[in-house]
Undergrad: 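Starting off with a structure, shown below.
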Amino acid sequence: MDKILVGLKRVVDYNVRVRVKSDGSGVETDGVKMSINPFDEIALEEALRIKEAGGANEVVVVSIGSSEAQQQLRTGLAMGADRALLVTCDEAPDVLTCARLLLEIVNREQPGLVILGKQAIDDDNAQTGQMLAALWGRPQATFASRIEIKGDTATVLREVDVGMETIEVDLPAVITADLRLNEPRYVKLPDIMKAKKKPLEEIAMADLGAGDSPEIVHTAYEPPVARERGVMVEDVSALLAALKDKGLV
Amino acid sequence: MAKILVIAEHDGSILNPSTAKTIACAAGIEGADIDVVVLAADASAVAAEAAQLSSVSRVLTVENAANEHPLAVVLAPQIVSLAGDYSHVFGPSNTFGKDLMPTVAALLGVNQISDIMSTHGSHSFKRPIYAGNVIVSLQAPEDSIVVATVRTASYKAVAGGNSAPVESVSVDVELPTHTRFVGQEAESSDRPDLQTASRVVAGGRALGSAENFDLIYALADKLGAGVGASRAAVDAEYVPNDTQVGQTGKIIAPDLYIAIGISGAIQHLTGIKDAGTIVAINKDEEAPIFEVADIGMVGDLFQIVPELTEALG
Ligand SMILES: Cc1cc2nc3c(=O)[nH]c(=O)nc-3n(C[C@H](O)[C@H](O)[C@H](O)COP(=O)(O)OP(=O)(O)OC[C@H]3O[C@@H](n4cnc5c(N)ncnc54)[C@H](O)[C@@H]3O)c2cc1C
Ligand SMILES: Nc1ncnc2c1ncn2[C@@H]1O[C@H](COP(=O)(O)O)[C@@H](O)[C@H]1O
């Protein structure tokens, strides 16, 4: 195929313990470390491997977000992507709008495959890939753990609740990456320098015309009910006694 | 009034317990009128099971050979053609529902709500974000259909004893052939299913090998428990992927969860927040798992676990 399109979302790094703002109006992100969504790094790694094996000519990364997402796109370019697109907007739009924007990009770029993460670890929505596939009228293979491309079809091993499922999809298609698809490479310093010269195009969200979608309003944010620290026991007999006490054994 | 369509999850012969929990969420909405739809090649057995669930008004069956395996792109247009009669369409928030419901929502031109953990009227919901570190309240627009997945660990299955009417419906939509089911490898195990087990014993990286996981299996078997694992244990291939508990694995709510050699990373803890009693065994007294454990024991698992299994007789 000619091209693979990969979505990279800028999210709060997975090691950060996020906090709700004191007035409950949102999540504290000031001065917090931001990274590429971990599943998107996996998606990009897979695209690069397909290209390196001769299965594609170009890997294009796309992000929808503020201009700060340039950082994550530069990291993607340093990993090995050829080109980056940033759809700029002030605030991250809702998922349906994101999917519609991605469809506009798909229509421009005509990729043979789109690989997204299975979920973004900020909102934990796990929806964008499925929505894009539906709007595009193309196959979806979510939670991919292995991808094999042969001609115009992809065979995808999916991680599902009962075990593993294999499906076959015609290309172009949307695949979403699960954790065990691969282990992303580390970025080396010379690659970071090289990435500075790679093309990064900005497109204003309004220019893509994604239309309005019925928005779900976030009315309040709160911390979860905390579990309390319980008792510590010294030995197995005390452990058993504590379990018996609760009627659990 | 809320007219709610619940999408049944099943394997062709048995209704998945996730369905009764999804119905429980729907039934919490005042004045809810709930239909369940079974899309299958042969829906009879599953529909009969669904008809027994309380709070269900009707069970609809859509039979088509193409529905033998639940492919989202095949099921979604059929659901969309029924959705016009409803104010809400709900599915479970597991790999079945997560795959399917966004597809349905996109075809209907609406956003989707993931992981409902509580309902506050017909259009207000709460859900966890940031691996459960934050709970957000949502208000869905009243003038469009609500498509959502339900965090099954937040709900107790509705009871049986009902006998709702079963009606066969036919839908006239073209189904795509660009996506084909090839096969499924279910991990066969006689142990209770992780998602419904009342007791779960889970192991982490500390087990060190697949062989050592026998310690976990032995304790689980003594307790009649299901077996779970951390991502680290799954990645190291000590156990199959379907045992992973957490943000990106299974979200569970057993009465008893025993975490053995698991540090308690936030991504793991979000999967067990609703467990009744959490027991932690870890050699590091600073391990974050102890912050949420009801009963904690500091020590070497290779000593404690065999002793505990033995003591259970
Ligand atoms: C995007 C993303 C999603 C993730 N999703 C998940 C998820 O769904 N589920 C999940 O579990 N993780 C998930 N993780 C990984 C998570 O961050 C942790 O890395 C993982 O949970 C660690 O597993 P562990 O506790 O087994 O290993 P470790 O953190 O290495 O902990 C091992 C523990 O064993 C103890 N130990 C060692 N030897 C012994 C002994 N002999 N006796 C007793 N105790 C001993 C140690 O003190 C330590 O606390 C995710 C990470 C990312 C980035
Ligand atoms: N703003 C965004 N920019 C780029 N990619 C995105 C964006 N939002 C979502 N995605 C992609 O869609 C995947 C699933 O996200 P979500 O549906 O929000 O959980 C992510 O892993 C990304 O690959």
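So you know, we letter chains A, B, ... as the sequences are listed, proteins then strands, and number each from 1.
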Undergrad: Relative to chain A, which of B:Glu307, B:Gln247, B:Lys250 shows the most heavy atom pairs under 4.5 Å?
TA: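 Ranked by heavy-atom pairs under 4.5 Å with chain A, first place is B:Gln247.
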Undergrad: Can any side-chain N or O of A:Gln130 pair as donor or acceptor with the backbone N or O of B:Ala105 at less than 3.5 Å?
TA: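 No, because the side chain of A:Gln130 does not come within donor-acceptor range (under 3.5 Å) of the backbone of B:Ala105.
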Undergrad: Go through A:Asp170, A:Thr97, A:Thr219, A:Asp235 and name the one with the most non-hydrogen pairs under 4.5 angstrom from chain B.
TA: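 With the most close heavy-atom pairs to chain B, the winner is A:Asp170.
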Undergrad: Of all the heavy-atom pairs spanning A:Leu179 and B:Gln244, show the shortest one and how long it is.
TA: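 Looking at all heavy atoms of both residues, the shortest contact is CD1-NE2, 3.9 Å.
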Undergrad: Considering all heavy atoms of both residues, which atom of A:Met131 and which atom of B:Val110 are nearest to each other, and what is their separation?
TA: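 Of all heavy-atom pairs spanning A:Met131 and B:Val110, the closest is CE-O, 3.7 Å.
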Undergrad: By a 4.5 Å heavy-atom criterion (distance strictly below it), what part of B:Gln303 contacts chain A: side chain, backbone, both, or neither?
TA: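 No part of B:Gln303 comes within 4.5 Å of chain A.
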Undergrad: Given a strict heavy-atom distance threshold of 4.5 Å, which part of B:Leu223 is in contact with chain A: side chain, backbone, both, or neither?
TA: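 Contact with chain A involves the side chain of B:Leu223 alone.
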Undergrad: Quick one: which of B:Thr248, B:Leu308, B:Ile266 has the most heavy-atom pairs under 4.5 Å with chain A, could you say?
TA: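 Sorted descending by pairs with chain A, the first entry is B:Thr248.
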Undergrad: Between B:Val104 and chain A, which part of the residue has a heavy atom less than 4.5 Å away: side chain, backbone, both or neither?
TA: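 When you check distances to chain A, no heavy atom of B:Val104 falls under 4.5 Å.
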Undergrad: Hey, are A:Gln140 and B:Asp99 close enough side-chain-wise for a donor-acceptor pair under 3.5 Å?
TA: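 Yes, a side-chain donor-acceptor pair sits under 3.5 Å.
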Undergrad: Between A:Glu234, A:Arg100, A:Arg158, which has the largest tally of heavy atom pairs under 4.5 Å with chain B?
TA: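 Looking at each of A:Glu234, A:Arg100, A:Arg158 in turn, A:Arg158 comes out on top.
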Undergrad: With a 4.5 angstrom heavy-atom cut-off, is it the side chain or the backbone of A:Tyr14 that approaches chain B, or both, or neither?
TA: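 Backbone plus side chain of A:Tyr14, per the 4.5 Å heavy-atom cut-off to chain B.
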Undergrad: In terms of heavy-atom pairs under 4.5 Å, which option from A:Gly230, A:Ala173, A:Gly129 contacts chain B the most?
TA: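 Most heavy-atom pairs within the cutoff with chain B belong to A:Gly230.
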Undergrad: Chain B heavy atoms under 4.5 Å from A:Ala242: which part of the residue, side chain, backbone, both or neither?
TA: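 Both backbone and side chain.
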Undergrad: I need the residue from B:Pro102, B:Gly249, B:Ala293, B:Gly276 with the largest number of non-hydrogen atom pairs under 4.5 Å to chain A.
TA: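 Among B:Pro102, B:Gly249, B:Ala293, B:Gly276, the one with the most close pairs to chain A is B:Pro102.
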Undergrad: In terms of heavy-atom proximity below 4.5 Å to chain B, should A:Val231 be classed as side chain, backbone, both, or neither?
TA: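 Both backbone and side chain.
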Undergrad: What part of A:Glu183 gets within 4.5 angstrom of chain B, counting heavy atoms only: side chain, backbone, both, or neither?
TA: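 Nothing of A:Glu183, per the 4.5 Å heavy-atom cut-off to chain B.
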Undergrad: Do any N or O atoms from the side chain of B:Arg127 and from the backbone of A:Asp123 form a donor-acceptor pair under 3.5 angstrom?
TA: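 Such a contact is found between B:Arg127 side chain and A:Asp123 backbone.
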Undergrad: Mark yes when over 12 heavy atoms from residues, nucleotides or ligands other than A:Arg227 sit less than 6.0 Å from its CZ; otherwise mark no.
TA: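 Check passes, neighbour count above 12.
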Undergrad: Quick check: closest heavy atoms across A:Pro139 and B:Thr179, and the distance to 0.1 Å?
TA: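 The pair with the smallest heavy-atom distance is CB-OG1, 3.1 Å.
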Undergrad: Of all of B:Gly109, B:Ala140, B:Pro128, B:Pro240, which one pairs up most often with chain A through heavy atoms under 4.5 Å apart?
TA: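 Max contact count across the listed options: B:Gly109.
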Undergrad: For A:Arg146, does the CZ atom have more than 12 heavy-atom neighbours from other residues, nucleotides or ligands under 6.0 Å away?
TA: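 Atom CZ in A:Arg146 is not crowded, with 12 or fewer foreign heavy atoms closer than 6.0 Å.
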Undergrad: Measuring from B:Ile295:CD1 to A:Lys246:NZ, what's the distance to the nearest 0.5 Å?
TA: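 That separation rounds to 5.5 Å.
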Undergrad: Does B:Glu310, at its CD atom, have more than 12 non-hydrogen atoms belonging to other residues, nucleotides or ligands within less than 6.0 Å?
TA: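 For B:Glu310, atom CD is not crowded (no more than 12 foreign heavy atoms under 6.0 Å).
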Undergrad: Given heavy-atom pairs under 4.5 angstrom as the criterion, report whether the side chain, backbone, both or neither of B:Lys273 touches chain A.
TA: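 Contact with chain A is through both the backbone and side chain of B:Lys273.
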Undergrad: With a 4.5 angstrom heavy-atom cut-off, is it the side chain or the backbone of A:Thr153 that approaches chain B, or both, or neither?
TA: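 The side chain, not the backbone.
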Undergrad: Out of A:Val162, A:Val20, A:Asp122, A:Val11, return the one with the most heavy atom pairs under 4.5 angstrom to chain B.
TA: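 Highest number of pairs under 4.5 Å: A:Asp122.
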Undergrad: Could you report the tightest heavy-atom contact between A:His218 and B:Leu138, atom names first, then the distance?
TA: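 Closest approach of A:His218 to B:Leu138: CD2-CD2, 3.3 Å.
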Undergrad: CG of A:Asn125 to NZ of B:Lys98: how many Å apart, nearest 0.5 Å?
TA: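 Between atom CG of A:Asn125 and atom NZ of B:Lys98 there are 10.5 Å.
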Undergrad: When you look at CD of A:Gln110, are more than 12 heavy atoms from neighbouring residues, nucleotides or ligands closer to it than 6.0 Å?
TA: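 Yes, enclosed.
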Undergrad: In terms of heavy-atom proximity below 4.5 Å to chain A, should B:Leu108 be classed as side chain, backbone, both, or neither?
TA: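 It is neither, since no heavy atom gets under 4.5 Å.
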Undergrad: Taking A:Asp161 for the side chain and B:Thr95 for the main chain, is one N or O donor matched with an acceptor at less than 3.5 Å?
TA: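 Yes; at least one donor-acceptor contact below 3.5 Å.
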Undergrad: So for A:Glu159, is it side chain, backbone, both, or neither that comes closer than 4.5 Å to the heavy atoms of chain B?
TA: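 For A:Glu159, backbone and side chain are both near chain B.
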Undergrad: How many angstroms lie between CD1 in B:Ile113 and CD1 in A:Ile216, if you round to the nearest 0.5 Å?
TA: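 Interatomic distance, B:Ile113 CD1 to A:Ile216 CD1, rounded to 0.5 Å: 4.0 Å.
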Undergrad: Kindly check if the number of other-residue, nucleotide or ligand heavy atoms within 6.0 Å of CG (A:Asp90) is above 12?
TA: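 No - once you tally the heavy atoms of other residues, nucleotides and ligands closer than 6.0 Å, there are 12 at most.
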Undergrad: Under 3.5 Å, side chain of A:Gln127 to main-chain N/O of B:Gln112, donor-acceptor pair present?
TA: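 Yes, because the side chain of A:Gln127 sits within donor-acceptor range (under 3.5 Å) of the backbone of B:Gln112.
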Undergrad: For A:Val156, is it the side chain, the backbone, both or neither that has a heavy atom under 4.5 Å from a heavy atom of chain B?
TA: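 Looking at A:Val156, nothing touches chain B.
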Undergrad: Give me the atom names and distance for the closest heavy-atom approach of A:Arg229 to B:Phe290.
TA: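 That closest heavy-atom pairing would be CG-O, 3.6 Å.
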Undergrad: So which part of A:Ala133 gets closer than 4.5 Å to some heavy atom of chain B, the side chain, the backbone, both or neither?
TA: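 Neither part.
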Undergrad: Given 3.5 Å as the limit, does a donor-acceptor pair link the side chain of B:Thr103 with the main chain of A:Ala134, or not?
TA: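 No; zero donor-acceptor contacts below 3.5 Å.
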Undergrad: If you draw a 6.0 Å radius around CG in B:Asp11, do more than 12 non-hydrogen atoms from other residues or ligands fall strictly inside?
TA: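 Counting neighbours around CG of B:Asp11, more than 12 heavy atoms of other residues, nucleotides or ligands fall under 6.0 Å, so yes.
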Undergrad: Donor-acceptor check, side chain of B:Asn111 to backbone of A:Leu96, threshold 3.5 angstrom: yes or no?
TA: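 Checked: pair present.
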Undergrad: Taking all heavy atoms of A:Val160 and all of B:Asn241, pick out the closest pair and write down the distance.
TA: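 A:Val160 and B:Asn241 have their closest heavy atoms at O-ND2, 4.5 Å.
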Undergrad: As an exercise, state the distance from CD of A:Glu168 to CZ of B:Arg180, rounded to the nearest 0.5 Å.
TA: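 Reported value, rounded in 0.5 Å steps: 4.5 Å.
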Undergrad: Given heavy-atom pairs under 4.5 angstrom as the criterion, report whether the side chain, backbone, both or neither of B:Ile278 touches chain A.
TA: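 Both parts, backbone and side chain.
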Undergrad: Side chain from CB out, backbone as N, CA, C, O: work out which of these in A:Tyr221 comes under 4.5 Å of a heavy atom of chain B, or both, or neither.
TA: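 Both parts, backbone and side chain.
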Undergrad: Test side-chain contact (heavy atoms from CB on, under 4.5 Å) on B:Leu256 and A:Leu243; report intermediate values, then the result.
TA: CA-CA 9 Å; B:Leu256 173 63; A:Leu243 287 171; 3.8 Å; yes
Undergrad: Under the side-chain contact (heavy atoms from CB on, under 4.5 Å) rule, what do B:Asp235 and A:Arg180 come out as? Steps first, then yes or no, please.
TA: CA-CA 7 Å; B:Asp235 283 1; A:Arg180 281 169 282 275; 2.8 Å; yes
Undergrad: Using a 4.5 angstrom heavy-atom cutoff, name the option from B:Thr177, B:Asp115, B:Thr277 with the most pairs to chain A.
TA: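 Most heavy-atom pairs under 4.5 Å with chain A: B:Thr277.
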Undergrad: Please report the C-alpha distance between B:Val73 and A:Arg138 in whole Å, then the side-chain angles of each, then the deciding distance to 0.1 Å, and finally whether the side-chain contact (heavy atoms from CB on, under 4.5 Å) criterion is met.
TA: CA-CA 8 Å; B:Val73 295; A:Arg138 295 303 309 167; over 6 Å; no
Undergrad: If we define contacts as heavy-atom pairs under 4.5 Å, which of B:Gly296, B:Ser114, B:Ala106 has the most with chain A?
TA: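 Ranked by contacts with chain A, first place is B:Gly296.
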Undergrad: Side chain, backbone, both or neither: which part of A:Ile121 has an atom under 4.5 Å from a heavy atom of chain B?
TA: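 Contact with chain B is through both the backbone and side chain of A:Ile121.
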